[in-house]
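Okay, so here's the structure we're looking at.
Chain letters run A, B, ... following the sequence lines, proteins first, then strands; residues in each count from 1.
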2 protein chains.
Amino acid sequence: MSPIRRLTDQYPTLATVAERAGVSRQTVSNALNNPELLREDTLQRVQAAIDELGYTPNRAARQLRTRSSHMIGLRFEPAQEGTSNALMDRFVHTLVETTAETGHHILLFSGAADDPLDGYDELLRATAVDAFVITDTYTGTAETELLRRVGAPFVTFGRPWDDPDAAHPWVDVDGARGACLATEHLVSVGHRRIAWLGWEETSRIGEDRRSGWEQSMADHGFDTRGLGVRTTDNVDAARMEAHKLLEDRTVTGFCCASDTLAIGVLHALHERGLRPGIDVGVVGFDDSLGAHVTWPGLTSVRQPLEQVARELVELVHSVLSHRPVEPLGRMLEPTLVVRRSTVPDAPRPGTIPRAASSAATRG
Amino acid sequence: MSPIRRLTDQYPTLATVAERAGVSRQTVSNALNNPELLREDTLQRVQAAIDELGYTPNRAARQLRTRSSHMIGLRFEPAQEGTSNALMDRFVHTLVETTAETGHHILLFSGAADDPLDGYDELLRATAVDAFVITDTYTGTAETELLRRVGAPFVTFGRPWDDPDAAHPWVDVDGARGACLATEHLVSVGHRRIAWLGWEETSRIGEDRRSGWEQSMADHGFDTRGLGVRTTDNVDAARMEAHKLLEDRTVTGFCCASDTLAIGVLHALHERGLRPGIDVGVVGFDDSLGAHVTWPGLTSVRQPLEQVARELVELVHSVLSHRPVEPLGRMLEPTLVVRRSTVPDAPRPGTIPRAASSAATRG
DNA sequence: ATGAAAGCGCTAACAT
DNA sequence: ATGTTAGCGCTTTCAT
């Protein structure tokens with residue numbers, strides 16, 4: 001239990017501790033950073049002084065000397081009305097916890113919405129961060145090119161889609177595999193005519209996911225003609241596309257690129273008096289809040305965001321310690337969360353849990 | 001346009017700029033921090049050198065000297081399975097953007113789940129943050145007491161419920177007013193027998209919201225006996241309570257403490273063949289993702305989280321510059337977002353938007 | 001209006 | 001195994 005100390009006091013410094021322990025400042029520093037250099041009894045004496053005084057090294061001083069801030073930068077995009085990083089949340093949580101294990105912190109920064117590079121350079125020049133975690137690789141390669149050019153350490157959530165020269169470590173989740181899991185699940189509960197409801201063709205991630213459905217269908221020898229539909233990621237757009245597809249009464253399965261689209265399908269089923277999970281099977285992608293609470297519960301592909309975060313942190317540490325990373329990329333497997341939109345007797349929908357923060361609780 | 005510079009080079013320092021501009025280091029420092037001290041032509045020469053070299057002051061050095069990190073700490077709670085700070089997201093976004101305007105950044109940290117104080121003290125001793133934003137005031141006053149005791153600057157999202165001695169600035173949203181809005185809305189569309197479905201009595205926020213419903217009902221002279229129910233914040237629990245309430249066929253309105261509870265009510269209506277917005281009106285609280293996408297769209301109380309964030313940042317600046325804050329607390333008004341669960345011809349449910357980050361998009 | 005000197009708290013390099 | 005010296009890049013104070 002460290003003693004209470006007011007901010008207006010000076011916090012203890014190395015010198016304070018050194019005097020208290022009757023050693024030099026350097027010895028205290030060594031006790032912290034190279035304890036194996038100290039004799040056992042000296043170490044204990046120093047440690048006692050540190051505890052008594054409640055000493056914690058001044059980050060600024062350490063950072064100035066070592067040129068390492070122990071900060072990892074994460075750009076938090078400007079919020080747009082209606083957007084939400086609900087999933088990001090699981091990811092960021094784990095990022096914060098994992099980096100904390102090595103005394104690192106996450107520094108959130110923003111940048112001009114129209115400039116993906118804004119913010120990075122300044123933090124580097126100010127030596128405010130040691131490395132970046134980038135989560136926007138699907139938008140293009142602008143950030144990664146910039147950071148490579150200036151030699152800044154970084155890792156990405158997302159494979160380098162369009163950049164064969166990329167040499168940075170990355171972690172990604174296999175979207176095609178996710179769609180494959182979804183399709184196989186629909187087949188296993190008896191569906192044969194399974195539609196794909198996905199994003200526009202310009203979405204790399206969307207096309208990747210779609211390829212999993214195509215592959216699965218082909219493996220079973222099922223015809224996909226007329227069953228693959230692309231639209232905007234919107235409940236109502238999906239609802240309307242679903243109505244069109246459902247005019248073909250043989251269509252009984254929907255594999256969707258997102259929970260939003262899947263929920264649109266559920267709306268269409270509702271309007272037609274079709275029973276989700278009984279008459280028609282629907283699978284979403286994200287395992288978002290909507291999948292948890294929507295009636296009657298939405299089966300969805302879930303990404304291992306926690307594992308993504310942990311592996312990214314591991315990669316950051318490798319990069320910072322100049323350890324070679326081999327292989328450069330790690331592809332993780334999504335899983336399927338089964339609910340009543342495909343299996344009638346699956347558990348009931350759960351909660352929008354009261355989050356740990358009051359902002360969520362009160363919301 | 002600043003020149004490209006590799007990390008392996010040294011970044012330019014004050015000395016570099018001074019040499020380039022033919023002045024002393026101090027003059028460059030003044031150009032940055034007290035430009036009014038310089039002669040116009042000197043200032044321009046220095047500014048030109050800064051631009052040419054792409055100079056940005058080293059944060060560590062500045063921080064060591066000024067004892068100000070320009071960091072604001074925000075504790076990000078450990079993630080628990082199934083929890084989500086979906087709403088936090090809007091809040092944090094705005095926090096990041098607003099603090100950026102004055103060159104501040106948000107530092108995310110974690111702490112042991114079982115110790116609300118963990119993490120704060122260490123950041124203070126390390127002089128890693130200038131101030132904290134606390135979002136957990138409903139859990140108790142442990143953090144605020146600690147920070148007050150050590151004299152650390154902080155502001156809170158949430159009024160100091162149990163702490164008459166609190167002297168810190170805060171911003172909160174009037175939950176009672178939100179429930180009042182919801183109740184009045186239900187009355188305005190013709191409901192008279194309006195039930196309250198809320199949290200357990202131990203929840204201060206829950207009781208505050210409930211009081212708004214009670215007040216509104218009383219103002220209209222409506223009887224609330226048997227209509228106020230408390231349960232856990234869970235879709236299924238709410239579904240079952242709703243069924244009980246709906247056995248009284250005169251009950252046609254539900255005012256809920258959360259979207260989760262409201263969605264549970266919608267499930268119950270569905271199971272009874274009752275039409276939301278036509279036979280029964282339902283209002284949630286949060287305007288969460290679930291409210292956006294759930295069928296047929298959920299009317300919900302929305303908190304001005306963006307404004308909360310902006311006001312908190314303003315308060316932080318006041319505290320840091322020792323400006324007196326008067327009044328200490330600011331209570332903001334929620335608004336009502338009307339959807340089809342109360343008004344049949346309201347706009348259709350929208351999207352779970354693809355967020356700006358790939359983590360969300362891919363999720 | 002500009003410059004010189006000192007020092008924030010730490011650690012790397014070297015000396016003992 | 002421990003101590004001494006120097007200096008990271010900046011701003012504050014004081015001198016010019």
Side-chain angles (χ1 to χ4, degrees), chain A residues 5 7 9-47 49-50 53-70 103 122-128 130, chain B residues 5 7 9-47 49-50 53-70 103 122-128 130:
Chain A
R5 181 174 290 281
L7 260 195
D9 302 352
Q10 282 285 43
Y11 283 115
T13 71
L14 269 191
T16 326
V17 178
E19 191 180 10
R20 175 79 152 236
V23 295
S24 75
R25 282 166 20 188
Q26 184 53 32
T27 300
V28 180
S29 175
N30 283 338
L32 258 37
N33 303 312
N34 305 93
E36 73 281 2
L37 291 181
L38 299 206
R39 222 171 41 215
E40 182 61 23
D41 62 320
T42 322
L43 182 57
Q44 290 198 358
R45 215 167 63 243
V46 173
Q47 193 56 55
I50 288 174
L53 293 165
Y55 168 74
T56 302
N58 181 305
R59 282 182 96 92
R62 179 174 271 184
Q63 176 177 347
L64 180 58
R65 189 68 247 227
T66 62
R67 318 198 137 278
S68 158
S69 63
H70 276 57
E122 200 198 323
L123 286 171
L124 286 172
R125 317 188 97 81
T127 64
D130 292 346
Chain B
R5 182 173 291 280
L7 261 195
D9 303 352
Q10 283 284 45
Y11 283 115
T13 71
L14 270 190
T16 326
V17 177
E19 190 180 11
R20 175 79 153 236
V23 296
S24 76
R25 281 165 26 189
Q26 183 46 36
T27 300
V28 180
S29 176
N30 283 337
L32 256 37
N33 302 314
N34 304 94
E36 72 281 3
L37 291 181
L38 299 206
R39 224 172 39 216
E40 180 63 22
D41 60 323
T42 322
L43 182 58
Q44 290 200 356
R45 217 167 62 242
V46 173
Q47 193 56 56
I50 288 174
L53 293 165
Y55 168 74
T56 302
N58 181 304
R59 282 183 97 92
R62 177 173 273 183
Q63 178 177 346
L64 180 56
R65 192 65 248 235
T66 63
R67 316 194 142 277
S68 157
S69 63
H70 277 56
E122 199 198 323
L123 286 171
L124 286 173
R125 318 188 96 80
T127 64
D130 292 347

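Using a 4.0 Å cut-off, some side-chain N or O of A:R62 falls inside it from OP1 or OP2 of C:dT11. Between B:T27 and C:dG3, a side-chain N or O to OP1/OP2 separation shorter than 4.0 Å is present. Phosphate contact (OP1/OP2 of C:dG9, side-chain N/O of B:R67, threshold under 4.0 Å): present. Dashed line: the shortest gap from a side-chain N or O of A:N30 to OP1 or OP2 of C:dT11 is not under 4.0 Å. In this model, the phosphate group of C:dA4 is not approached by any side-chain N or O of B:S24 to a distance below 4.0 Å at OP1 or OP2.
Between B:E122 atom CD and A:R59 atom CZ the span is 7.5 Å, to the nearest 0.5 Å. In this structure, A:T66 OG1 and A:D130 CG are separated by 8.0 Å, a value rounded to the nearest 0.5 Å.
Side chain of A:N34 to backbone of A:L37: no donor-acceptor contact under 3.5 angstrom is found. One N or O on the side chain of B:Q63 and one on the backbone of B:T127 form a donor-acceptor pair closer than 3.5 Å. Checking side-chain atoms of A:R45 against main-chain N and O of A:A21 turns up a donor-acceptor pair under 3.5 Å. A:S69 contributes a side-chain N or O that, together with a main-chain N or O of A:A128, makes up a donor-acceptor pair within less than 3.5 Å.
Nucleotide C:dT16 holds its C1' atom 15 Å from the CG atom of A:L37, rounded to whole Å. Atom CZ of A:R25 is separated from atom C1' of C:dC8 by 11 Å (rounded to the nearest Å). Remark: P of C:dG7 and CG of B:L14 are 19 Å apart, rounded to the nearest angstrom. The nearest whole Å value for the distance from the CG atom in A:L64 to the C1' atom in C:dC8 is 9 Å. C:dG9 atom C1' lies 7 Å from atom OH of A:Y55, rounded to whole Å. Between the OH atom of A:Y11 and the P atom of C:dC8 there is a distance of 18 Å, rounded to whole Å.
Residues A:T16 and A:Y11 have side chains not in contact (no heavy-atom distance under 4.5 Å, counting atoms from C-beta outward). Contact of the B:R62 side chain with the B:N33 side chain is registered, since non-hydrogen atoms from C-beta on lie closer than 4.5 Å. Side chains of B:S24 and B:T27 form a contact here, defined as non-hydrogen atoms less than 4.5 Å apart. You'll find the side chain of B:I50 reaches within 4.5 Å of the side chain of B:L32, heavy atoms only.
Taken over five-pair windows at either terminus, the axes of the helix from C:dA1-D:dT16 to C:dT16-D:dA1 are inclined to one another by 40° (rounded to 10 degrees).
Comparing B:L38 and A:V28, the nucleotide of DNA chain C nearest to each residue sits closer to the 5' end for B:L38. Take the nearest nucleotide of DNA chain D for B:Q26 and for A:D41: the residue whose nucleotide is more 5' is A:D41.
When DNA chain D is scanned in the 5' to 3' direction for atoms under 4.0 Å from non-hydrogen atoms of chain A, the outermost contacting nucleotides are D:dA1 to D:dG9.
The side chain of A:R65 lies closest to C:dG9 when the candidates are C:dA4, C:dC8, C:dG9.
Applying the 3.5 Å distance criterion, the base of C:dT2 shares no donor-acceptor pair with the side chain of B:R39.
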